[in-house]
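The block underneath contains the structure these notes are about, expressed in structure tokens.
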Amino acid sequence: MNSVTKKKTPQGNVLSRRFYDRDTVLVARDLLGKLIVVERNERRIARIVETEAYVAGDPANHAFRGQTKRNRSMFKGPGTLYVYAVHAQNCMNAVTRLGEAVLVRAAQPVENVSERTSGPGLLCRAMGITREDDGKSLLQSEISIRDDRYSPVSIVSSPRIGVTKWKDRHLRFFVSDNPSSHCE
DNA sequence: CTTCAGATCCCCT
DNA sequence: GGGGATCTGAAGA
């Protein structure tokens with residue numbers, strides 16, 4: 001094998017640090033249609049159909065008041081996986097710039113995913129992602145997000161779900177042709 | 001230490 | 001569409 005060759009797989013190219021090191025709202029939009037790939041005992045794949053952006057100066061952002069024990073992964077650099085628990089559920093985020101992240105709310109099953117994947121808690125359960133995975137790198141670990149050149153047909157934005165602050169801001173994005181995405 | 005709100009889910013009506 | 005389950009992290013006393 002040529003070691004210089006870029007890593008390519010049938011699931012597409014692993015998104016680079018450069019992809020995450022951009023405006024968080026752009027990253028949230030661009031993550032739609034990308035593949036979450038978890039390679040453990042079996043390989044599980046799902047395609048992202050719903051995201052939310054949590055940005056600087058955002059009162060709903062866990063990093064709003066700076067770094068804490070919970071959100072320390074949000075300060076480890078672009079492409080870090082941030083997993084937190086709320087209401088006994090796990091939620092997965094992709095860290096973009098310092099103290100900013102994109103919550104992945106829903107995906108479509110592609111391979112070895114039998115449980116439901118609509119909703120951040122259910123998605124993590126179906127993909128087997130836990131708080132053990134908090135702080136891992138999406139650039140080089142068993143969990144990655146990849147681009148297989150698929151593009152969603154159309155993207156819609158709305159206020160975020162379950163968030164009381166910044167309700168006037170459209171920071172949620174979802175693929176509108178996906179049947180499991182409810183509108184607003 | 002105690003309180004409480006929360007980036008949710010499920011079941012009931 | 002409404003309320004209870006469930007539990008962790010953060011903030012206040």
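Below, chain A is the first sequence line, B the second, and so on; all start at residue 1.
In this structure, the nucleotide among dA10(C), dA7(B), dC10(B) sitting nearest to the side chain of Lys69(A) is dA10(C). Closest to the side chain of Arg65(A), from the set dT8(B), dA11(C), dC10(B), is dA11(C). Side chain of Arg70(A), nearest nucleotide from dA7(B), dT6(C), dA10(C): dA10(C).
Gln89(A) places a side-chain N or O within 3.5 Å of a backbone atom of His87(A) that can act as its donor or acceptor partner.
Within 4.0 Å (heavy atoms only), Val163(A) reaches sugar-phosphate atoms of the nucleic acid but no base atom.
OP1 or OP2 of dA5(C) has not a single side-chain nitrogen or oxygen of His87(A) nearer than 4.0 Å. Within the structure, a side-chain polar atom (N or O) of Arg125(A) is placed less than 4.0 Å from OP1 or OP2 of dC10(B).
Residue Gln67(A) contributes atom CD, which lies 15 Å from atom P of dG9(C) at whole-angstrom precision. One interatomic measurement links the two molecules: CG of Asn93(A) to C1' of dG6(B), which rounds to 14 Å at whole-angstrom precision. As rounded to whole Å, 16 Å separates atom C1' of dA10(C) from atom CE of Met74(A). We find that CD1 of Ile129(A) is positioned 17 Å from P of dT8(B), with the value rounded to whole Å. As rounded to whole Å, 8 Å separates atom C1' of dA7(B) from atom CZ of Arg160(A). Taking atom CE of Met92(A) as the reference point, atom C1' of dT8(B) lies 16 Å away to the nearest angstrom. Nucleotide dT8(C) holds its P atom 10 Å from the CG atom of Asn90(A), rounded to whole Å. Rounded to whole Å, the distance from CD on Glu100(A) to P on dA7(B) is 17 Å.
Judged by Watson-Crick or G-U wobble contacts below 3.5 Å, the nucleotide dT6(C) has no partner. A 3.5 Å limit on both hydrogen-bonding distances identifies no Watson-Crick or G-U partner for dA7(B).
Because its NZ or CZ atom is both nearer than 6.0 Å to the ring centre of Phe19(A) and within 45° of the ring axis, Arg22(A) counts as a cation-pi partner of that residue.
The aromatic ring centres of Tyr54(A) and His62(A) sit 6.0 Å or more apart.
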Could you give me the CA-CA distance, side-chain angles and deciding distance for Ser73(A) and Asp134(A), then say whether side chain to side chain donor-acceptor pair (under 3.5 Å) is met? CA-CA 7 Å; Ser73(A) 298; Asp134(A) 178 50; 2.9 Å; yes
